[in-house]
Each structure stands twice: as structure tokens, then as C-alpha cells.
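Every value quoted in this text rests on a predicted model; they were computed, and no experiment measured them. Chain naming here is simple, since letters A, B, ... match the order of the sequence lines and numbering starts at 1 in each.
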2 protein chains.
Amino acid sequence: MLSINPSTVSRALSDHPDIKPETKEKVKSAALEFNYQPNLHAKYFRQKSSGLVAVILPEFNMFFIPELMDGINSVVEASGRSIIIFFSNNSLEKEKEIINHCLCWVVDGVLISLTENTKNIDHIKILKDADIPVVLLDKVLYQNDFPTFTIDDHEAANNATSYLIKKHKTKILGVFGNPNLEITKKRREGFLYALDENNINHDENNVIHITDGKGEALEERIKECDFDSIFTMSDELLLICYSSLLKLNLYPNLMSIVAISDGKLPYSLYPNVTHVKHSGFMSGKLAAESLIQLLLKKSTENAMVIKTELVILNSVT
Amino acid sequence: MLSINPSTVSRALSDHPDIKPETKEKVKSAALEFNYQPNLHAKYFRQKSSGLVAVILPEFNMFFIPELMDGINSVVEASGRSIIIFFSNNSLEKEKEIINHCLCWVVDGVLISLTENTKNIDHIKILKDADIPVVLLDKVLYQNDFPTFTIDDHEAANNATSYLIKKHKTKILGVFGNPNLEITKKRREGFLYALDENNINHDENNVIHITDGKGEALEERIKECDFDSIFTMSDELLLICYSSLLKLNLYPNLMSIVAISDGKLPYSLYPNVTHVKHSGFMSGKLAAESLIQLLLKKSTENAMVIKTELVILNSVT
DNA sequence: ATCGTTTGCACAAACGTTTGCTGTTGGTAA
DNA sequence: TTACCAACAGCAAACGTTTGTGCAAACGAT
């Protein structure tokens, strides 16, 4: 149209110094006028990259993931890339498939939260071989081959539990999720550590794992044993505990609650729940930032611990 | 490697009838052995498509979106495509940018839930011009240029409210979100319609709009006026109402609640909340299915109404 | 033995960009 | 004048796949 070579157009649009301002102006205004949209497949194909960051999640739970995605998105978008999202449905097979698919897409980088069935990360190494940076977050394994973003689960659980103890609670039930997850193990250790440190007797009744999303087992346990408080490792479980305690007419008067939480739900429950805040937004943001650093070939720390803080509200009497 | 022409390899891998089984076998096993991953940028570049379905969301709320994404994902994945996800953060400008970006990606189709500031859909028409199918869902406008998936908001609100009335509630507070949203208007109309139909007097005090995510205004209103029940148009608002009523010590004994809900939260609250179920999963699934039909050049209905049902639990006395 | 048809594969073009290289012009210094 | 350099833009190759076309070999029917 302008009798200008495609190469010149390309350089004009990307502000290459070889092109004089006048030509750039002509090209840019024509591009605007005719609403020129560069074909990204052609671009990334030629460039052997993709402008895509893959986010692989085991599931789409309602508490942590939305905030996490928000954090990831803020960073990825600012880097001029887009998010291609996959769900492994907690299936290791699917996880492997997805990772292969990431290769096909020549993604710039991968943010992954592992399946509860993922016991080692060999299948992720093919990404490393392909020189695609990977950052693990939330549900991770600590094998130190990849940067890993989590909170100090042990400490968070310890802090929350210790607060209960400080408030003279001694008969504490720890409520946990899937016992196979690294995250569960660490938090359970932190919980038990707090009990031990304070010389509080405990047995297997002090710990319960809820994997069906229902409160029945919990209510059974509470009726059987004599607790004065609950520590719960996540928002999902917090909601279950909360409604169970209301049903049994124990909260807030007869039992206290603390949780590890993203920090939203505690304010929606009454009385507001004291919790150790684990911000999903910050987790996503920091992990994504680390990934961007990596793919710019800058190095980052290998294991980042996201700091948590105890937020004291009104759920402990 | 096998001294076989790329074209033959391509056809072999896609089971083209021109290629004899023996050759196919050779190619496929070699592909497997050397872990061949086709470059999707090259493929989609050549094919002038993309294997991508864009999902554009105004925000990532914790109640509806996770289920919605799950539904969308199930369909998109089954169609062999991937999801590229964008957030407009409720900004119309951003929404426009994203839509342009979809053109650059030559996406196969677009699923979009509109910004609360989107008053018309002209900016979406450029997708239509580019022959990219679009399906609106959840937060929509009814301009009939695009297939649109929602529930019958009027009916859902009417049903829920009528149930309260049937249970002899007459002093009902309707709790709504952003008054500019089409979804809010329709549900408010349905709510008021139920009151009118049953000859229940009402004024502006019977309706409240909560847009700050907090319960203070609600609690004020409740203290000022004399209500016996609440209708709430969404899960987010339900949670706010719930904790406010608990704080005021009104639920479950002195006030009843009904909601329009995705159907998870009502079971997490105690007593379980009677609600009109609006499944996010089904919404996502049906909208995505419609989109896939469209991009296969099969036609679909233009406006689909997702059916809802009243789930009677224990929140109305 | 001849012709026509089918089978199976190779050849080459094309998709829209980017980028290394080449070439032209005009200016400046020797 | 010659030589050199800078500024600017065109040329052409390349990225990995798909797909229309061409062609040889194999086959079947006469």
C-alpha cells in the first residue's frame, strides 16, 4: 500500500533505529487507520518463542486460586505475555500430557501447582531440557531442581497453634486436608510441633483429615472428644469447621478457631476468624515475577518463602 | 532421518488415507521414540487458526468463576483446544484491548463475560467481522447479535422470593449487587414482581445494593427496618448477609434467607440455605458447547436460558 | 502386451513475520 | 576528486507445518 517493504514496516512498528521518524510515522498511522493486527502465530513462530506463560493447576478451588490467578495475571500481563491455563484435575497422567502440550506451544515459561498424586518431578524435567523455565508454587515438592514458592508451612501452622495455646487452649483439634500432600504434612508437623513445644499431650485423635469436603467425620470427632479449639489448615476446611461448630452450637462460645487463610473468608464469618494470612495474590505475583526473571535469563533464588502474618480477630476467647 | 518427506510425515501423523499403514507405523514409532512435539505456532500459523479459545472475565470472583471455568475447560479441552484467559478488571478500555489481542492471536472463538461498564457491544463486533464466533455468558447485554447464555434472572429471583412468601414472609429485604449490571436489574425486577404479584407492599427500603463487599450498610438497614427475611442475589452477598445476621443474632431464629447460588456455599452455612441453584459448571459447559458448535459452522440458538431449580434446605422457618 | 486406475509418496508453495545482509544515497574528511 | 561512513530501506531467507499437485510404480482388466 505504501510501497514500503514488509521488513521496513516490521522495523518501523518496533521502533528500530534504522528507520527514520518520518517513515515510522507513516507506517504507524496507516497501521492504525486500517486496524492492522500482527499475526502472533507468525511472529512467535519466527521468533521461536510464544508470548505465553502456562499456568497448570490441579483444580479450580474457590479460595486460593482466584487470588493466585490475580497475582499471576498482574505480572504476566505487565510483561506483555498472555496466560494459557490448564487443569490437571489432580491426575498425574493429565499433568504429563499438559506438560508435553506446553512444549508444543513453545511456552515462554510454566507456573505449576502439582497434583496431589505427583510424587516426583521427572516429567517436568523435559521442560528444563527444552530450556523452558519452570516455577513451582503452592502445591510443590522440595527437590530443589526448580524455584519453589510457598509459605513456611511449618511456621504458619506453628504460629497459629501457638496463639491458641497462648490463649490457654490445650485441647486442640487440628483439621487437615489430603494427607499425601507435602503442604499437609508440613502444616501438620508445625501443628504438632507447637503442641510438643508447649508440653501438651496429644494422640491421633488430635488430628483429623477431611478429604470429602463434608463435615460429618469432623462432627463425630468433636462429639467423641473434648476439644476447646480448632486449628484448620485452609479456608475450605475453615468453612466446614465453622458450619459444623455452628450446627453443634459450639462457636463462638464454647470453642475457638484459628486458621491458615487467604484472608478474605475470615472476615465473612462471624465472629471474624483469627488466622495466619497466606496471601494468594502475593504468592502468584512473586512466583510469576521470579518466572519472568528466569526467562529473561536473570537468575533468581531457588526457594522463596512467602512471609505470613498472624491476624488477630475475634475467634479465640 | 527416515528419508521420508515432511509432507508424508505430516499425513502419516494425521492418519491420512494416502499413506500406507506400514509407513504410518514407522513414522509414528519414530515420533514416539524421539519425543517429537509438533510446533503449534507453525501449525496454526499455516492453518490460519489457533487452537485457542479466549475466555475474557471481568474479575476472578471466588464463587461463580471457578465452577464456570471448570465447565468451560471440560468442553474446550475435549475439543482439542486450549484456553487463553484474560481479565478486564472491569475496565472497558482493557476489554477493548483484550479483544484486539484476540484478533492477533487469531483465536478460534471467544467466551466473554462483560465488564460492569460495558453498555454496548460495538467493540465486540470486530470479532464478528473477522469471523470469530463469540458467546456471551453470565454478565451480558441482550442485543441479540451474539449467542447469550444466562439463567432467566427474573424467574430465578421471582421463584426464590415467592418461596419466602409462600412461607408467610412478608417483610422481605432484597439484597443486590452493582445496580448497573443487567443481571442485577433483572433479578431486582423478579424480586419486586414477586412482591407485587402477592400484593405485598414495598418501598425503596426493601431493596439494598451492596457494592463495597461489606456488611455495614446492610446491618444499618436491618436495624432500621423490621424484616422477617432476606432474598440475596448471589453467593458473595449471601455470605455477607449470613455473617451480618449472625452478628445481629437474627439467623436462623428471627430471620429467614433465600439466595440465588451456585449451590456450594449454601451447604457450607448452617443451617443450610434454601436457594435457586444456578450452576456455574453448567453455564460454562453449555456456553462453551455452543461456541464449539459455532466455530464448526453449525448454528446454535441465539439466546439460551439455563434452567434453574429451587433447592429447599433449612434457612426458611 | 496395453491401457487405465489406484496407491503411495515426493515436491514445492504458502502462511506472516523477523532479521542479516546488501545497496543506494548523501555528507564529510582527506 | 577519492574514500569512507552513516543513514535508511529493500531483498531474501528462514521458521515448521500443511496441502495441492505431480509422478512413478503396482495392479487389474482387456
Side-chain angles (χ1 to χ4, degrees), chain A residues 1-52 80-82 100-108 126 129-132 295, chain B residues 1-52 80-82 84 100-108 130-132 295-296:
Chain A
M1 258 179 41
L2 299 174
S3 310
I4 288 181
N5 191 283
S7 62
T8 307
V9 173
S10 174
R11 281 187 254 254
L13 290 174
S14 58
D15 267 333
H16 193 284
D18 268 10
I19 311 298
K20 70 173 167 197
E22 198 184 315
T23 313
K24 283 183 188 170
E25 208 32 65
K26 261 198 298 192
V27 171
K28 284 180 181 173
S29 69
L32 214 59
E33 183 182 355
F34 294 90
N35 195 29
Y36 164 78
Q37 303 288 351
N39 183 315
L40 292 179
H41 285 295
K43 170 184 164 112
Y44 292 127
F45 166 46
R46 165 67 219 241
Q47 291 186 332
K48 295 172 176 307
S49 68
S50 74
L52 291 172
R81 273 165 264 260
S82 298
N100 270 319
H101 211 216
C102 288
L103 281 181
C104 297
W105 271 116
V106 202
V107 299
D108 289 347
I126 66 168
D129 296 341
D131 208 34
I132 295 175
L295 58 83
Chain B
M1 260 181 39
L2 300 174
S3 310
I4 288 181
N5 191 283
S7 62
T8 307
V9 172
S10 174
R11 283 188 251 254
L13 290 174
S14 58
D15 268 332
H16 193 285
D18 267 11
I19 310 299
K20 73 174 168 194
E22 198 184 315
T23 312
K24 284 183 188 171
E25 207 32 65
K26 259 198 298 189
V27 171
K28 286 181 181 174
S29 68
L32 212 60
E33 184 182 353
F34 294 89
N35 195 31
Y36 164 77
Q37 304 289 350
N39 183 316
L40 292 180
H41 285 294
K43 170 184 165 115
Y44 291 127
F45 167 47
R46 166 67 219 242
Q47 290 185 333
K48 294 170 176 308
S49 67
S50 74
L52 292 172
R81 272 165 266 260
S82 298
I84 183 166
N100 270 320
H101 211 215
C102 288
L103 282 181
C104 297
W105 271 115
V106 202
V107 299
D108 289 348
D131 208 35
I132 296 175
L295 59 84
L296 297 175

Asker: Counting only side-chain nitrogens and oxygens, does B/Ser10 get under 4.0 Å of the OP1 or OP2 atom of D/dT19?
Answerer: no
Asker: Over how many whole Å does the gap from B/Ile19 atom CD1 to C/dA10 atom P extend?
Answerer: 8 Å
Asker: Assign A/Ser14 to base, sugar-phosphate, or nothing according to its heavy-atom contacts below 4.0 angstrom with the strands shown.
Answerer: nothing
Asker: Looking only at side-chain atoms of B/Gln47, point me to the closest of C/dC9, D/dT19, C/dT17.
Answerer: D/dT19
Asker: For B/Trp105 and C/dC15, give me the distance from atom CH2 to atom P, rounded to whole Å.
Answerer: 20 Å
Asker: Which residues pass the salt bridge (Lys or Arg N to Asp or Glu O under 4.0 Å) test with B/Lys26, not counting sequence neighbours?
Answerer: none
Asker: Could you check B/Phe45 against B/Pro17 and say which one's nearest nucleotide on DNA chain C is further toward the 5' end?
Answerer: B/Pro17
Asker: Where is the tightest heavy-atom contact between B/Ser50 and A/Trp105, given as atom of each residue plus distance?
Answerer: O-CH2, 3.1 Å
Asker: What pairs of nitrogen or oxygen atoms, one from the protein and one from nucleotides 10-13 of chain D, lie under 3.5 Å apart?
Answerer:
residue: D/dG10; atom: OP2; partner: A/Asn5; partner atom: N; Å: 3.0
residue: D/dG10; atom: OP2; partner: A/Thr8; partner atom: OG1; Å: 2.7
residue: D/dG10; atom: O6; partner: A/Arg11; partner atom: NH2; Å: 2.7
residue: D/dC11; atom: OP2; partner: A/Asn5; partner atom: ND2; Å: 3.3
residue: D/dC11; atom: N4; partner: A/Ser7; partner atom: OG; Å: 2.8

Asker: How long is the line joining CG of B/Asp15 and P of D/dT19, in whole Å?
Answerer: 15 Å
Asker: Counting only side-chain N and O atoms of A/Lys48, is one of them less than 4.0 Å from OP1 or OP2 of D/dA14?
Answerer: no
Asker: Does OP1 or OP2 of C/dC15 have a side-chain N or O of A/Tyr44 closer than 4.0 Å?
Answerer: no
Asker: Does anything in residues 11-24 of chain A form a side-chain hydrogen bond (donor to acceptor under 3.5 Å, both in side chains)? List the pairs, not counting sequence neighbours.
Answerer: A/Asp15-A/Lys28
Asker: Going by atom types only, do A/Asn39 and A/Gln37 share a side-chain donor-acceptor pair under 3.5 Å?
Answerer: no
Asker: How close do A/Ser82 and B/Ile84 get, heavy atom to heavy atom, and via which atoms?
Answerer: CB-CD1, 3.7 Å
Asker: Nearest to the B/Lys20 side chain among C/dC9, C/dG16, D/dC8, which nucleotide is it?
Answerer: C/dC9
Asker: Could you check how far NZ of A/Lys43 sits from C1' of D/dA14, rounded to whole Å?
Answerer: 17 Å
Asker: So, A/Thr8 side chain and A/Ile4 main chain: donor-acceptor pair closer than 3.5 Å or not?
Answerer: no
Asker: List the steps and the verdict of side-chain contact (heavy atoms from CB on, under 4.5 Å) for B/Ile132 and B/Val106.
Answerer: CA-CA 8 Å; B/Ile132 296 175; B/Val106 202; 5.7 Å; no
